[in-house]
Trainee: 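Submitted below is the structure of interest, expressed as structure tokens.
Each chain gets a letter, A, B and so on, in the order the sequences are listed, and its residues count up from 1.
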Number of protein chains: 2
Amino acid sequence: MTTPAQGLHSHVLATLGLAITAGEYPPGTVLRTDELAQRFDVSRTVVREVVRVLESMHLVESRRRVGVTVLPTASWNVYDPQVIRWRLAGADRPRQLRSLTVLRSAVEPVAAGLAAHNATPDQCRELTEQALGMVATSRGRRLEEYLVHDIAFHRVVLNASGNEMFARLGDVVAEVLTGRTHHHVMFEDPDPAAVTLHVQVAEAVRERNAARAEELTRQIAVGALQELDVLAP
Amino acid sequence: MTTPAQGLHSHVLATLGLAITAGEYPPGTVLRTDELAQRFDVSRTVVREVVRVLESMHLVESRRRVGVTVLPTASWNVYDPQVIRWRLAGADRPRQLRSLTVLRSAVEPVAAGLAAHNATPDQCRELTEQALGMVATSRGRRLEEYLVHDIAFHRVVLNASGNEMFARLGDVVAEVLTGRTHHHVMFEDPDPAAVTLHVQVAEAVRERNAARAEELTRQIAVGALQELDVLAP
DNA sequence: TGTGACATAAAAGTCGTACTTTTAATTCCC
DNA sequence: GGGAATTAAAAGTACGACTTTTATGTCACA
């Protein structure tokens with residue numbers, strides 16, 4: 001169950017991070033570095049470096065004479081891509097997917113509106129290209145190919161918004177879309193309505209129609225949320 | 001200029017993190033742990049732990065035989081509260097404030113809409129209370145007191161949304177509001193229109209009117225964005 | 001009996017050094 | 001000139017000694 005990992009640090013970090021985010025250690029649980037070193041058969045040095053990283057993610061808190069205390073979910077850095085990946089790989093994957101989808105539904109429409117103002121000609125072209133790619137792969141169980149275009153499309157929108165915070169959500173969106181494709185019923189082709197909406201968004205951005213780009217993206221978001229409700233009511 | 005800090009680790013981390021996010025080391029700059037240890041007069045152990053943390057924030061990348069390379073802004077974990085704080089304290093504070101305000105303008109309206117559905121009676125009460133607090137302190141240069149209520153208000157909305165990702169933006173919003181109050185013209189009282197909007201949002205949430213809560217919050221956001229444009233065109 | 005000062009020890013924090021591993025860069029041979 | 005072998009530089013890992021903080025238990029005093 002332990003990730004292969006190149007380097008002791010990565011290995012211990014991955015194992016511990018995954019365990020904590022999976023809720024294997026209830027908040028308040030106290031770990032001792034010596035004990036961890038023994039358990040993982042590594043030096044205290046390595047454990048200490050791992051603890052420092054977990055501490056920076058606010059997963060744990062280290063105090064003298066006490067030890068390394070596991071913190072409650074409320075204090076975790078839930079925007080840390082690493083934490084997101086761990087949680088998506090763990091037990092509360094459904095909860096996590098829902099949270100992230102709601103976040104998307106708030107951010108992406110606004111991002112699309114901004115993209116209509118700020119997208120470079122290159123980005124407009126790329127957007128259209130990806131939308132067409134989605135159309136081309138939307139039928140005939142070509143879900144993997146479709147996914148690539150879908151991810152690329154949303155990434156371009158977020159980047160084209162010109163807002164750094166939005167741009168950095170590209171990875172999160174990629175994770176969500178990948179998660180959806182790989183864990184949902186893989187037997188159905190994507191919703192044709194959604195595909196059309198993507199094409200239209202590309203169009204709206206190209207035509208610098210911000211309001212339309214925003215509204216259309218909002219519709220995509222609504223679709224994604226409904227899909228969630230169907231899958232996990 | 002060095003933060004006091006309790007503990008060598010915190011001190012070195014704060015200093016290095018601030019310097020990097022301030023752009024003092026252009027991307028690609030290579031640092032060596034030994035050199036850093038010497039510069040800060042601490043052991044290599046401490047420096048290594050710091051580097052590991054900076055690495056987890058994607059501010060730097062450490063490679064054997066090369067050293068610790070500073071990464072470009074595009075790869076930073078810009079949602080890390082620590083990174084946000086460093087950047088707000090540094091040179092590109094204006095850019096950062098704008099990015100965050102745009103993010104707020106996307107998230108908060110949706111959060112308010114959700115809050116109208118999910119807020120507990122306690123949260124409704126708290127919301128009203130804070131809104132009234134804002135009214136009470138909105139005249140007579142009582143900006144500090146006003147700020148406290150303003151922050152509390154937005155925090156409650158984000159928490160009441162029931163979405164974990166939204167809730168975690170409470171700190172970010174607090175930073176933005178604080179930044180605005182402390183770095184803008186401190187001689188004017190808050191915009192009365194904004195104050196009224198807050199009261200109305202509290203009302204809408206209490207009445208479970210999601211659409212109205214969302215729309216009103218959107219207006220607050222528009223106001224915040226305009227304010228930015230006035231201050232830094 | 002309760003309370004506050006004090007002593008104790010447990011755990012993290014720091015340091016120095018020695019050693020291993022990876023890998024960029026140089027050298028050398030064909 | 002190009003590719004293989006060599007070198008060395010830097011991070012990665014380990015270990016042991018020591019320091020510092022601090023929770024907790026102890027003891028004296030009121």
Trainee: A/Leu8 has a side chain; which of C/dG16, D/dT13, C/dA25 sits nearest to it?
Mentor: D/dT13
Trainee: What is the distance, to the nearest angstrom, from the CZ atom on B/Arg32 to the P atom on D/dA9?
Mentor: 11 Å
Trainee: For B/Val42, report the nucleic acid contact type (base, sugar-phosphate, nothing); a contact means any heavy atom under 4.0 Å.
Mentor: sugar-phosphate
Trainee: Take atom CD of B/Gln38 and atom C1' of D/dA10, then tell me their distance rounded to the nearest Å.
Mentor: 15 Å
Trainee: Report yes if at least one side-chain N or O of B/Thr45 is closer than 4.0 Å to OP1 or OP2 of C/dT14; otherwise report no.
Mentor: no
Trainee: Using whole Å, report how far CZ of B/Arg48 lies from C1' of C/dC19.
Mentor: 14 Å
Trainee: Is any NZ, NE, NH1 or NH2 atom of the basic residue among B/Glu227 and B/Arg180 found under 4.0 Å from an Asp or Glu carboxylate oxygen of the other?
Mentor: yes
Trainee: Output the rounded distance in Å from NE2 (B/His11) to C1' (C/dT14).
Mentor: 16 Å
Trainee: Which whole-number value in Å describes the distance from A/Asp34 CG to C/dA9 P?
Mentor: 18 Å
Trainee: Tell me whether the side-chain N or O atoms of A/Arg44 pair up with the base of C/dG13 as donor and acceptor below 3.5 Å, since no angle test is needed here.
Mentor: yes
Trainee: Does the gap between the ring centers of B/His198 and B/His149 come in under 6.0 Å?
Mentor: no
Trainee: If you take any heavy atom closer than 4.0 Å to DNA chain C, which residues from residues 55-64 of chain A end up in contact?
Mentor: A/Ser62, A/Arg63, A/Arg64
Trainee: Do A/Arg52 and C/dG13 share a donor-acceptor pair, side chain to base, under 3.5 Å?
Mentor: no
Trainee: Decide, yes or no, whether a salt bridge links B/Glu49 with B/Arg52 under the criterion of side-chain N to carboxylate O below 4.0 Å.
Mentor: no
Trainee: Once you round to the nearest 0.5 Å, how far does CD of A/Glu145 lie from CG of A/Asp150?
Mentor: 13.5 Å
Trainee: Could you state the CG-C1' distance from B/Leu36 to D/dA11, rounded to the nearest angstrom?
Mentor: 13 Å
Trainee: Mark yes when over 12 heavy atoms from residues, nucleotides or ligands other than A/Gln38 sit less than 6.0 Å from its CD; otherwise mark no.
Mentor: no
Trainee: To the nearest angstrom, how far is A/Leu54 atom CG from C/dA12 atom P?
Mentor: 14 Å
Trainee: In chain order, what residues pass the side chain to side chain donor-acceptor pair (under 3.5 Å) check against A/Asp41, with sequence neighbours excluded?
Mentor: none
Trainee: Does OP1 or OP2 of C/dG16 have a side-chain N or O of B/Ser43 closer than 4.0 Å?
Mentor: no
Trainee: Are B/Arg87 and B/Glu175 within salt-bridge range, i.e. N to O under 4.0 Å?
Mentor: no
Trainee: Whole angstrom is fine here: how far is it from CZ in B/Arg65 over to P in D/dT7?
Mentor: 14 Å
